[in-house]
Each structure stands twice: as structure tokens, then as C-alpha cells.
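These notes concern the structure reproduced below.
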Amino acid sequence: MVRDERSVTPQSEDFSAWYNDVVFRAELVDRGPVRGSMVIRPYGYRIWELLQADLDRRIKATGHQNAYFPLLIPQSYMQREAEHVEGFAPELFTVTHAGGKELEEPLVVRPTSETIIGEMMAKWISSHRDLPLLLNQWANVLRWEMRPRMFLRTSEFLWQEGHTAHADAADATAETMLALGFYQDLAVEVAALASVPGEKTPGERFAGAERTFTIEAMMRDGRALQSGTSHFMGTNFAKAFGITYTSENGTAELCHTTSWGMSTRMVGGLIMTHGDDKGLVLPPALAPYQVVIVPIGRAEQAEATLAAAAELAGRLERSGIRTHVDARPQLSPGFKFNDWEMRGVPLRLELGPRDLAAGTALMSRRISYPRADAAKEAIPLDAAPDLLSAELAAFQAMLARRAADFRDEHTATVSTWPQFADAVATGWALAFHCGDQACEDDIKAETTATPRCVPLAGEPEQGKCVRCGKPSAYGKRVIFARAY
RNA sequence: CGGGAUGUGGCGCAGCUUGGCUAGCGCGCCUGCUUUGGGAGCAGGAGGCCGCGGGUUCGAAUCCCGCCAUCCCGACCA
């Protein structure tokens, strides 16, 4: 392929340059005027909407209700939970003036909503009959990030944050795991990510949480991306905000709360999981257009192929396939092929005079796996809806398998330090760790790798710390990786 | 906050060292004609407070001082 201003930097040359090229060329985003801000363009926003719709359905199906809480939070709220304020203080946007005057109490722009929701929960909950309280909100949050990156770390991002209150720890823990399941299922079934659910080590916990669970997905450069988190707060926030209830026995009890979130970051995750040197590759479940039809021909031929393309698109739409006809008259077919490949459309159909005469269309898959197969395939027009539905399902499964294979090929179970260093240079290492913060810091200083999670799956295992040789702390091997 | 770069039509850049005449190139855009099965061709055209503020000079995109912003690399994070 000729390298010019129309193609992207190859992944092998510079992965992060590749990522940047793709998000802009595919018109997912543009830069906002403020450092670290991101304009999500229609094509990118559609991906988010599809992700959002799927997760929203899962959340509602399990008894949660959507609500909306204010963007502005009194600064004092943030300070009530000691670890929470310490964790978020460096990232806060603070409003000091309003209406042309300095405010008596500064307002914080939410970096997350535990505090304001905690405050409201305290007001709404008084009896065990009010529990569990299962809330979710879709919102934007702001955090001042030192090093912004489109979708992965922007100063403002969109997310969903679930907040729940429960009578006891067991119920809250079950909720925490339920939410983690939403994310894992969404990641694997919809985004086709290779993610691993697990628990964060104490050093990586959410500020104020007792336990933090995560799904960690592997990107094509071997790094890990935290793609969703679920926190068990114990009674920390209940104490700070007075979230109490009267039990059946008449005693006053503290609630156990949870919170969990998935953000626009996941869009970055699917870009880095599936994309290649031709651009984006989208899983059908999240593709704004699952099938793009490129009509070919000029003048009177164009009339015929355009009409046929529109007719076909109508039939595909009616069978639930998101279809787009690229009718731009001034652009050549070759340009359109490259354009839709850049945008990651799973299936493309070419419809020209030759195809029309034969009653077929030429189908081309954005990628194939495990065998790379660039061949275009003629498919009969009358059977297209069923055929393409099946192709899309196969494409979705193929991407998930490709991602999982890639993850497995780049994950090594290691027991020595040299093996460990090797593994985290290109992927993930499964290793025993002593659990000491100093040892974790040492590993990070040497390799830039950090503990991503203790995987939920697998049997308990004991061993010696890969770095210092002390007994392992977590009863299992820990995933270490360089992370985003 | 450290380190490195860059600010010039929508995008990507050249010009700056050695100040000068109308600020140039590619892509994109507009118009016309021809073209359409892997990034079309030709012709014509539009579009620029050269990041901002000062200074030096007859004259500044170019030299000097200051500021601002963005990007990339590290430590933090969904």
C-alpha cells in the first residue's frame, strides 16, 4: 500500500499515531477548543449510542431505574469521605464564580456522583422497605487529566454510573458482581473485546471503595485497558452521608452501597482491539452501518444501479440490517471502498451493471480470520437479507474469537523475573505477587507494568512473588500489564 | 509538573538560517467538460489579521523580547 496522506500510520510503526490517525480519519471525533476536550462526531456518537442502548437495556432489565443528578456539587460534599476527596482532588474542576460574583462555597463539577447521590439517598431511605435502592444515571463528568487521549482519557467524558444502596454486605456484593457481569457481557457479546473480569489489588482500588472489580481488555499493542469497573463501598459512603435505615427489628443500620461505571472509553477499546492498518474495524453490533452498498456506473447505468441499490437497502433495513447506500456521484468506487474500510464497515456490497445482469452483488468482508481472504464473493440479490444477517453474525463471532486468540497468544504464565519482563513488554503476564505496595512500585519502575487484576476465573494457586520471592498474597496469579 | 516539538487558507506542509517586490505547494472546496468494477483527468476559480502583544527597521511570516495555545514522550486516571 502506498503511504500517503490518505492512509494511516501503520500500527507496527507507532501504535499511538495509528490510533490518532484512525479516530480523526474515520470522523469519529474532532478536537475541541479546550485541552483534552473531544467533539464526538455523528459517526462516533452512533457507536456510543448503540453501546449505550445495549447496556441500558441490561440495566433496566435487572430492576434499576434511570435518574439524573446535578452536574454541580457543593465542594464540602466531596470532602466528607476522606479517601474519596484525596483520590479526586487533583482532577477537580471547581466553579468559584457565578452571576458575576464569587461564590460563598465553591462548586465542584462532578468527576463522579457518589457524593451527591449519597446525600440524596440519605434523604430517601428510611426503612428496610426502601431497599435495595437501584439507581443509574447517564451523564457527562469532568476530570482534569494530565495526558488526554481521544476516548481513553478526555477531560470531559460520557458514561453511565450506577449507584445502589442495600441492607447488607451480601446483597451489595451480589449487586457489585451483577454490574461487573453487565460489563463483561457487553464487552464480549457486543464490543467483541477480549476482556477478563477480576478484582483490583488494593493499590488500584477506587477512592473510597472497599473492593473494586474491573474488566481488563487487551489492546492490539498488548496493553491493557480498564473497560468497566464495579465498586463495593461497604459502609464508607453510608457513614459519610448518613445513609441509614431502620431494620425489621427497629434498629438503625448503615446501608451498604455500590457504584459502577462504563464510559466512552470503551469506544477507544474497540478501536484498539479490532482496528488495522486500513483503519477501523467495527463489530456489527456497534457499526452505524453494518452493510454499505456502493452502486457502480455512470449516466443511465447509474440510474439502474442506484435504483437497485435503494431497493436492496430497503429490503435489508426491513430485516433489521443497518444499511447505507453510498450514492455520492462525484466519487469513484475505489475511493468509496477505501473510505468505508477506514470507517470499519463490516460488509460492503458492490452493485454494478454486471452484477445486476447476473442478479447478484459482490460482497466483501472488512477482514477475515483466521485466514486472511480478500476475495469478493457474489451473492444472490433475492436471498441477500438472510445471507447477510448470517454473515454479520459470523463476522461478530469472528471478531470476538480473533480478539480472544490475540489475548491468549500474548498472555504468558511466568515464574521468573526475566520471563515476566519479557511478557509485559509485548503483552500480559500471569504471575504471583506478594501484595506489598513497595514491590508493586518496584515492578512498575522497572517495567511500567502494573497489576491489572486478580482474575475471577481459575482455581486458587499459591506461589512465590515473581519479583521478591515472598509468598503470594492473592491466592491466585495476578495479571500484570502496561495499561492505558 | 519535567522532557521534546509546533503554531502560515478547511487539512498537511514549504518559506524563516541570509528581512524586500504579488506568501507558495499538495490535498480538499467551487464551476465546466470528460470519467466511474480499488484512492479519476483537464481547464478555470474562491479562500490567508503568517497564534497573540510589544520591539528593531524605510520595510518583518522571517530578527529580538514577552505571552498564549496545542501536540508528542514520562509520573495520575474511566
Could you give me the CA-CA distance, side-chain angles and deciding distance for A:Trp144 and A:Phe93, then say whether ring-ring contact (aromatic ring centres under 6.0 Å, His included) is met? CA-CA 7 Å; A:Trp144 186 253; A:Phe93 283 77; 5.6 Å; yes
Going by atom types only, do [X] and [Y] share a side-chain donor-acceptor pair under 3.5 Å?
X        : Y        : value
A:Thr9   : A:Asp14  : no
A:Gln11  : A:Asp277 : no
A:Trp260 : A:Thr258 : yes
A:Glu440 : A:Thr450 : no
A:His231 : A:Thr212 : yes
A:Asn20  : A:Arg149 : no
A:His64  : A:Glu175 : yes

Main-chain N/O of [Y] paired with [X] side-chain donor or acceptor, under 3.5 Å:
X        : Y        : answer
A:Asp436 : A:Ala438 : no
A:Arg348 : A:Ser364 : no
A:Asp355 : A:Gly352 : yes

[atom1] atoms of [N] and [M], separation to the nearest Å:
N     : M     : atom1 : result
B:G44 : B:C25 : P     : 13 Å
B:G55 : B:A60 : C1'   : 11 Å
B:G28 : B:A40 : P     : 9 Å
B:U56 : B:A14 : P     : 31 Å
B:C50 : B:G9  : C1'   : 10 Å
B:C30 : B:G47 : C1'   : 10 Å
B:G26 : B:A69 : C1'   : 27 Å
B:C29 : B:C71 : C1'   : 27 Å

RNA chain B stem ranges, 3 or more consecutive Watson-Crick or G-U pairs under 3.5 angstrom: B:1-7 with B:68-74, B:10-13 with B:24-27, B:29-34 with B:40-45, B:51-55 with B:63-67
Rounded off to whole Å, could you give me the [atom1]-to-[atom2] distance for the [X] and [N] pair?
X        : N     : atom1 : atom2 : result
A:Leu351 : B:G38 : CG    : C1'   : 17 Å
A:Asp326 : B:G37 : CG    : C1'   : 14 Å
A:Phe24  : B:C71 : CZ    : P     : 9 Å
A:Gln301 : B:U35 : CD    : P     : 11 Å
A:Asn338 : B:A40 : CG    : P     : 9 Å
A:Met342 : B:G38 : CE    : C1'   : 14 Å
A:Tyr19  : B:C71 : OH    : P     : 14 Å
A:Leu331 : B:C27 : CG    : P     : 15 Å

Indicate whether OP1 or OP2 belonging to B:C72 is found under 4.0 Å from a side-chain N or O atom of A:Asn20. yes
Contact list (N/O, under 3.5 angstrom) for nucleotides 75-78 of chain B vs protein:
{"from": "B:C76", "atom 1": "OP1", "to": "A:Lys444", "atom 2": "NZ", "distance (Å)": "2.5"}
{"from": "B:C76", "atom 1": "OP2", "to": "A:Lys444", "atom 2": "NZ", "distance (Å)": "2.4"}
{"from": "B:C77", "atom 1": "O2", "to": "A:Arg265", "atom 2": "NH2", "distance (Å)": "3.4"}
{"from": "B:C77", "atom 1": "N3", "to": "A:Arg153", "atom 2": "NH1", "distance (Å)": "3.4"}
{"from": "B:C77", "atom 1": "N4", "to": "A:Arg153", "atom 2": "NH1", "distance (Å)": "3.4"}
{"from": "B:C77", "atom 1": "N4", "to": "A:Tyr484", "atom 2": "O", "distance (Å)": "3.3"}
{"from": "B:A78", "atom 1": "OP2", "to": "A:Gln226", "atom 2": "NE2", "distance (Å)": "3.4"}
{"from": "B:A78", "atom 1": "O3'", "to": "A:Gln226", "atom 2": "NE2", "distance (Å)": "2.6"}
{"from": "B:A78", "atom 1": "O2'", "to": "A:Gln226", "atom 2": "O", "distance (Å)": "3.3"}
{"from": "B:A78", "atom 1": "O2'", "to": "A:Arg265", "atom 2": "NE", "distance (Å)": "3.3"}
{"from": "B:A78", "atom 1": "O2'", "to": "A:Arg265", "atom 2": "NH1", "distance (Å)": "3.0"}
{"from": "B:A78", "atom 1": "N6", "to": "A:Thr154", "atom 2": "N", "distance (Å)": "3.2"}
{"from": "B:A78", "atom 1": "N6", "to": "A:Thr154", "atom 2": "O", "distance (Å)": "2.8"}
{"from": "B:A78", "atom 1": "N3", "to": "A:Ser263", "atom 2": "OG", "distance (Å)": "2.9"}

Ignoring hydrogens and geometry beyond distance, is the side chain of [X] in donor-acceptor contact with the base of [N] at under 3.5 Å?
X        : N     : value
A:Lys336 : B:G37 : no
A:Asp339 : B:G39 : no
A:Glu341 : B:G38 : yes

Quick check on A:Gln65: does its CD atom have over 12 non-hydrogen neighbours (other residues, nucleotides or ligands) under 6.0 Å away? no
For A:Glu86, look at atom CD and say whether over 12 heavy atoms of other residues, nucleotides or ligands are found less than 6.0 Å away. no
Candidate nucleotides B:G38, B:G39, B:G37, ranked by approach to the side chain of A:Pro353 - the nearest: B:G37
At 4.0 Å (heavy atoms only), tell me whether [X] reaches a base, stays on the sugar-phosphate, or touches nothing.
X        : value
A:Arg348 : base
A:Leu225 : nothing
A:Ser16  : sugar-phosphate

Out of A:Arg223, A:Arg407, A:Lys200, which one pairs with A:Glu216 under the salt bridge (Lys or Arg N to Asp or Glu O under 4.0 Å) rule? A:Lys200
For A:Asp14 and A:Gly297, find the nucleotide of RNA chain B closest to each by heavy atoms; which residue's nucleotide sits nearer the 5' end? A:Gly297
Show me the protein contacts with nucleotides 2-6 of chain B, counting only N or O atoms at under 3.5 Å.
none

